[in-house]
There are 2 protein chains.
Amino acid sequence: MADLVYKKIMQNLKDKIKANDFEANRLPDERTLSDEYHVSRSSIKKALSILAQQGVIFKKRGSGTFVNPLYLKNKSIFRYEGSNLGITNNLKTEGYHPSIKVLDFKVISAPAEIKEDLFLNDGEFVYEINRLRLLDEKAIIIETSYIPIKIAPSLTKKIVQGSLFDYFAKELHSTGTKAFMSLEAQPSTADDQDLLDLKTTEPVGIMEGIFFLDNGTPLEISDMRVHYKYFSYNTFVNLPD
Amino acid sequence: MADLVYKKIMQNLKDKIKANDFEANRLPDERTLSDEYHVSRSSIKKALSILAQQGVIFKKRGSGTFVNPLYLKNKSIFRYEGSNLGITNNLKTEGYHPSIKVLDFKVISAPAEIKEDLFLNDGEFVYEINRLRLLDEKAIIIETSYIPIKIAPSLTKKIVQGSLFDYFAKELHSTGTKAFMSLEAQPSTADDQDLLDLKTTEPVGIMEGIFFLDNGTPLEISDMRVHYKYFSYNTFVNLPD
DNA sequence: GGTTAAAATTGGTACGTATCAATTCTAAAT
DNA sequence: ATTTAGAATTGATACGTACCAATTTTAACC
């Protein structure tokens with residue numbers, strides 16, 4: 001367990017919520033919680049505001065703080081905490097066995113669009129990595145990644161057979177994951193149908209992401225074509241005003 | 001402009017970022033900003049942390065605060081602020097003319113799954129609203145909504161021809177929009193192909209949302225089948241740890 | 001009983017202080 | 001020039017205070 005005050009409180013509150021410890025799905029007010037936990041109201045507010053952002057609770061001024069009834073009923077939509085990159089991370093936790101097959105791994109001069117998105121200069125080189133992601137021997141994602149050579153000069157085919165996330169986390173001290181994700185749907189191409197075992201009428205979900213290092217440097221572009229049955233993205237949307 | 005300190009600072013910082021006022025894409029440190037704006041460091045922190053959450057800036061302890069280079073280049077992926085419900089709201093701002101055609105509007109006893117998600121008791125009734133959303137006369141979304149009668153007893157076919165968002169915002173003082181969204185891709189059905197003018201090989205994007213009132217009461221289930229060319233969802237993902 | 005105005009409750013905003021932790025910078029040592 | 005240890009920088013955590021705004025509760029009034 002994290003040793004930060006607000007994280008401990010978050011965890012404890014979630015435990016209590018799951019155990020149905022709160023009358024009428026209503027939490028005690030912030031001042032009371034502050035007393036009970038022997039911490040400042042600011043720390044309570046920080047914990048509560050993160051839980052609200054994740055959709056676990058709802059806060060309403062003058063009224064109180066309430067449990068999201070959906071959080072109790074462990075609906076499938078709630079397999080995440082806040083936002084959800086879905087797919088591999090999700091599936092790994094459920095007893096399936098993901099694996100990776102490298103289709104192609106080469107260095108090319110960055111194409112125009114890639115150059116733009118990764119903020120590269122003319123003539124700079126990138127890895128183009130083409131991988132097939134499998135789940136229990138079944139192909140579910142065709143992934144094409146682009147990574148500037150200068151950021152990871154020592155990338156090898158062997159490394160690429162494993163998780164790039166883990167590699168970057170270790171090599172570049174990139175702790176958190178930050179990315180722009182764009183989701184779409186498209187008819188499957190002949191290639192998709194071949195690799196992912198799809199009928200012509202069956203589509204793919206498109207998941208394009210631009211990933212950043214902690215200091216904001218664009219690190220990777222990842223373009224994923226996902227078998228539609230394995231394509232799903234869940235999130236809690238919270239638009240103020 | 002909002003009269004809240006942190007909102008004014010957010011807006012001002014975004015303006016300066018767009019005007020490229022910061023050397024090397026690096027913002028002044030928090031203490032300096034606090035002096036410059038004549039506000040407390042806490043207020044600066046609040047503004048910065050929201051901008052970081054939205055992906056506008058990146059913060060790194062010991063290092064500084066940096067502009068997301070993608071925010072400058074007004075990339076398509078950046079048509080939002082933080083998260084993006086896409087589609088209608090987005091298109092409205094771009095000169096297209098959205099409209100709604102009501103296909104069906106009736107009251108039914110809540111089906112099992114709907115009853116579950118809206119936390120209704122046996123025998124409770126819901127509106128089932130079937131609408132076609134058009135853009136410049138072209139059908140792009142088939143939407144099926146379920147709303148408990150007890151929450152909106154005075155809903156009429158006339159009201160349903162307009163925006164339900166606007167209606168609820170006014171009638172139920174639900175200021176913000178909170179929802180669980182689930183996105184998928186599916187082959188188009190014969191119905192989809194007919195209504196949305198799709199070929200058999202062309203898919204639909206599925207967007208299912210459970211919307212909540214400010215106090216956490218589930219208000220509406222909305223199931224949208226979207227013409228794949230108009231289906232797109234952009235978001236900034238920020239996974240700590 | 002229903003209405004209405006005052007009081008209490010409850011989360012939001014804003015300011016300020018102290019301390020810590022990650023990173024970068026500086027300067028001494030070799 | 002390179003290495004290294006200390007100092008400075010910079011964002012993060014935590015505590016606390018004061019006041020505000022939305023909502024609910026209470027109590028007075030008719």
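Everything quoted here is computed from the prediction, not taken from an experiment. Numbers restart at 1 for each chain; the letters A, B, ... are given by sequence-line order, proteins then strands.
- Side-chain contact between B/F66 and B/L27 is absent, with no heavy atoms from C-beta onward closer than 4.5 Å.
- Here B/K60 does not reach the OP1 or OP2 of D/dT10: none of its side-chain N or O atoms lies under 4.0 Å away.
- Between A/F105 and A/Y127, the gap from one ring centroid to the other is short of 6.0 Å.
- Closest to the side chain of A/L4, out of D/dG11, D/dC19, D/dA14, is D/dA14.
- If you look at B/F212 and A/F58, their ring centroids are closer than 6.0 Å.
- With values rounded to the nearest 0.5 angstrom, B/I147 atom CD1 is found 5.5 Å from B/L155 atom CG.
- Put simply, B/S63 has no side-chain N or O that comes within less than 4.0 Å of OP1 or OP2 on C/dA22.
- Atom CZ of B/F58 and atom C1' of D/dA12 are 18 Å apart (whole Å).
- Across residues 38-52 of chain A, A/R41, A/K45 each have a non-hydrogen atom less than 4.0 Å from an atom of DNA chain C (numbered order).
- At whole-Å resolution of the value, NZ in B/K7 and P in C/dG12 are 12 Å apart.
- Distance from the side chain of A/Y6 is smallest to D/dT13 among C/dG11, D/dT10, D/dT13.
- For the pair A/L33 CG and C/dT9 P, the interatomic distance rounds to 16 Å; values are reported in whole Å.
- Going from atom CZ of A/R31 over to atom P of D/dC15 covers 17 Å, rounded to whole Å.
- D/dT13 atom P lies 14 Å from atom NZ of A/K8, rounded to whole Å.
- Taking the charged nitrogens against the carboxylate oxygens, B/D214 and A/K59 have no contact shorter than 4.0 Å, which rules out a salt bridge.
- B/D214 has its CG atom 15 Å from the C1' atom of D/dA21, to the nearest Å.
- The nearest whole Å value for the distance from the CZ atom in B/R61 to the C1' atom in D/dA14 is 13 Å.
- Both A/G62 and B/P28 sit near DNA chain D, but only B/P28 has its closest nucleotide nearer the 5' end.
- Comparing atom distances between the B/V5 side chain and each of C/dC15, D/dA12, C/dT10 picks out C/dC15 as nearest.
- The salt bridge (charged side-chain N to carboxylate O under 4.0 Å, His left out) with B/E30 is formed by just one residue from the set B/K46, B/R61, B/R41; it is B/R41.
- One atom, CG of A/D35, and another, C1' of C/dT10, lie 14 Å apart when rounded to the nearest Å.
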Evaluate salt bridge (charged side-chain N to carboxylate O under 4.0 Å, His left out) for A/R133 paired with A/E143, printing each intermediate quantity in order. CA-CA 7 Å; A/R133 291 174 170 271; A/E143 181 186 33; 3.0 Å; yes
